[in-house]
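Because only heavy atoms are used, hydrogens play no part in the values below, and waters and symmetry mates are left out as well, while side chains stay in.
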Amino acid sequence: MSTEDRTPARRVTPRRAALGACGGAVAAYTALAVAELAAAPVRPGAGPVVAVGGAAVDRTPAPVKDWAIRTFGTQDKLVLHLGVLAVVTLLALGLGLLAVRRRRLGAAGVALFGLVGGAAAVSRPDATGVVDALPSLAGALVGAAVLFVLAGRLVPRTPGAASAAPADEAGGAHTGDGVDRRGFALTAVAVTAAATGAGALGRLLGGARARDAAASRARVVLPAPGSPAPPVPRRAGLRVPGMQPFITPNEAFYRVDTALVVPRVDADSWRLRVHGKGVTRPVALGLADLMARDTVERDITLTCVSNEVGGPYVGNARWLGVRLADLLADCGVRPPSRGGPADQLVARSVDGMTLGTPVEDVMDGRDALLAFGMNGEPLPFEHGFPVRMVVPGLYGYVSACKWIEDIELTTFDAYDAYWVRRKWARRAPVKTQSRIDTPRPFARPGAGTVMVGGVAWAQHRGVDRVEVRVDDGPWEPADLAAEDSRDTWRQWSYAWDASPGTHTLTVRATDRDGRTQTDRRTRTVPDGASGRHSVVVTVG
């Protein structure tokens, strides 16, 4: 070990400390850029930021995930990305400071975090093998070398040589404490420029896959539905200011999943495999094979189990696809009620996500679909292109697998899907719920007639009535919009004769089975929130 690595020739001055921290940041930036370049030929998810972020999501307790979704909404993935980068930055600054005193130890710290990134990559459900660790390891090795070189520029000259050096203000290459500041700066700038080029090349190469996938989506021509959706009743959508449209536009449809990077799947190479218990005729189908089958178009409302009472994670769309039950029957699958050995359908996504769906529910006659169209266009990438599952009446985490590529028939006793292993319920029928969309909380409407409106849903059962209560008064019936189907939400309105003062408006729904929405408030874990939505307004 060299003298300067065992102990610095001089004390660590604030200038040396600042330069050391800067060197750590440059090393981390270089490591991430090189890793991004190395991930291009592997897959985007093998990069250290995505791998570590995904591993963090996998190990985060369900209540914390629930809090993140409530707090950050659809921006939760951006927040996680920024959080990972913030942690990496702090660690890099610390390792840079360490390298000023212990050059080899600081560089070894960078390499250690490369091992952490590599381990995270191979632990992900969508890992393809040890090759997924290579981007993190390559980036860490280059980053460690950069920190070692930069820290070497910060080793002071011997006292005798330093005394002979001109002062910093005299224009010499060394600072007053004998540090080669000019050499450090030139090296740091050169490395940063090279790293920027490597990162740009990595993004360019990685973007090629995304461009190919986008081109394959652009070539998709949706078939005409063999069983088209009935026209939406004219009065299904109410013209009340502040109400959402009956059909949710694709760009406004909620998205809740664990994919830190949206999978960009090439439709030309995509395949869906069906296999497992009770499957007498396993198949592997491409998108063209699916679209050649009898197609079905239906309006179906989807709800996320993370939706709080009155929350936004519910949407209604027109889906085009094929009946999942028909495909399973063609593969020889029978539901448990008819002697089939499998009671769970495990759907696997290209990103490794697994969802478990009751086979009986999929094959009981409801319009459970393998969908490839959404509101008249191929599925957007964010919503599962090229194919996703849509099962009315079940929360998304047990039914709505996006980017699906594998269906395995098994049993609930034999396998726990991703969310079940994290303490969510195995079976999750959607609870009867209703929401006030207008007036908004803390609104200040004028006295007189105020239109109150919102939506109610009880997928696959249907909504029978909606009632509104003002303060502690009696429940009054709301006017229901026309019903499209029992698998879609239903809009409602109520003409309120508002008097001045502060008031609480509460809504409840009753489904076709006669069950009225409970007032018992529960959180989303383990099988969806319950309770009644209310808003407080002040009438002027």
Side-chain angles (χ1 to χ4, degrees), residues 62 248 253-258 296 298-308 311 313-317 319 321-328 333 335-337 342-349 353-371 374 383-384 387-404 407-412 415-433 456-463 485-490 509 511-513 515 517 522 524-530:
T248 308
F253 207 94
Y254 76 90
R255 178 198 163 204
V256 178
D257 53 55
T258 63
V296 174
R298 293 291 183 267
D299 297 335
I300 298 173
T301 296
L302 297 185
T303 310
C304 179
V305 74
S306 295
N307 198 44
E308 294 281 352
Y313 302 129
V314 56
N316 187 50
W319 308 93
V322 299
R323 282 195 176 91
L324 179 53
D326 292 347
L327 176 60
L328 295 178
V333 177
S337 60
D343 61 4
Q344 178 179 210
L345 179 156
V346 175
R348 291 184 172 85
S349 167
M353 173 58 65
T354 57
L355 281 70
T357 310
V359 174
E360 194 69 46
D361 290 353
V362 169
M363 304 187 75
D364 68 357
R366 72 185 72 192
D367 289 315
L369 303 179
L370 288 173
M374 181 179 183
H383 295 294
V387 177
R388 67 172 294 166
M389 277 178 59
V390 175
V391 182
L394 302 180
Y395 283 118
Y397 84 100
V398 297
S399 67
C401 184
K402 293 185 284 191
W403 315 292
I404 189 172
I407 292 176
E408 179 183 3
L409 279 298
T410 182
T411 65
F412 282 105
Y415 185 82
D416 285 339
Y418 181 92
W419 290 111
V420 174
R421 294 197 297 269
R422 288 154 179 82
K423 309 305 181 185
W424 293 79
R426 285 180 170 180
R427 302 169 189 265
V430 173
K431 297 179 180 180
T432 301
Q433 284 287 307
W457 59 90
Q459 290 98 307
H460 204 55
R461 299 185 301 279
V463 174
S485 80
R486 63 177 180 168
D487 291 334
T488 62
W489 60 13
R490 201 166 179 185
D511 63 29
R512 288 275 162 73
D513 291 340
R515 289 190 292 262
Q517 185 177 342
T522 65
T524 58
V525 181
D527 61 355
S530 66

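Smallest separation of non-hydrogen atoms from Val256 and Lys402: O-NZ, 4.3 Å. Taking each heavy atom of Val391 and Ala368 in turn, the nearest pair found is CG2-CB, 4.0 Å. In terms of heavy-atom proximity, Ala529 sits nearest to Gln433 at O-NE2, 3.7 Å. What you find for Ala325 and Val362 is that their closest heavy atoms are CB-O, 3.7 Å. Smallest separation of non-hydrogen atoms from Ala509 and Ala456: CB-CB, 4.0 Å. Closest approach of Pro526 to Lys423, counting heavy atoms only: CB-O, 3.6 Å.
Contacts of Gln344 classified as side-chain hydrogen bond (donor to acceptor under 3.5 Å, both in side chains), with partners at least two apart in sequence or in another chain: none. Residues that satisfy the side-chain hydrogen bond (donor to acceptor under 3.5 Å, both in side chains) test with Arg490, not counting sequence neighbours, are absent from this structure. Considering only residues two or more places apart in sequence or on other chains, Asp326 meets the side-chain hydrogen bond (donor to acceptor under 3.5 Å, both in side chains) condition with none of them.
Side-chain contact check for Ser306 and Thr524: no donor-acceptor pair (N or O, by modelled atom type) lies under 3.5 Å.
Residue His383 is tested with Trp319, Trp403, Phe253 for a ring pair (Phe, Tyr, Trp, His ring centres under 6.0 Å); the sole match is Phe253.
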Evaluate Leu324 against Leu345 for side-chain contact (heavy atoms from CB on, under 4.5 Å), listing each step before the verdict. CA-CA 11 Å; Leu324 179 53; Leu345 179 156; 4.0 Å; yes
Pair Asp257-Met353, side-chain contact (heavy atoms from CB on, under 4.5 Å): steps then yes or no: CA-CA 9 Å; Asp257 53 55; Met353 173 58 65; over 6 Å; no
Would you sort out whether Trp457 and Asn316 count as a side-chain contact (heavy atoms from CB on, under 4.5 Å), showing the intermediate values? CA-CA 10 Å; Trp457 59 90; Asn316 187 50; over 6 Å; no
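With salt bridges taken as basic N to acidic carboxylate O contacts below 4.0 Å, none links Arg427 and Asp527.
The closest side-chain heavy-atom distance from Val359 to Pro336 is below 4.5 Å. Thr301 has its side chain out of reach of Val430: every pair of non-hydrogen atoms, C-beta onward, lies at least 4.5 Å apart.
Between the side chain of Arg298 and the backbone N or O of Asp367, no donor-acceptor pair lies under 3.5 Å. Not a single donor-acceptor pair under 3.5 Å links the side chain of Tyr418 to the backbone N or O of Tyr397. Within the 3.5 Å criterion, the main-chain N or O of Asp361 finds a donor-acceptor partner in the side chain of Arg366.
Note that CZ of Arg461 and OG1 of Thr432 are 4.0 Å apart. Values are rounded to the nearest 0.5 Å.
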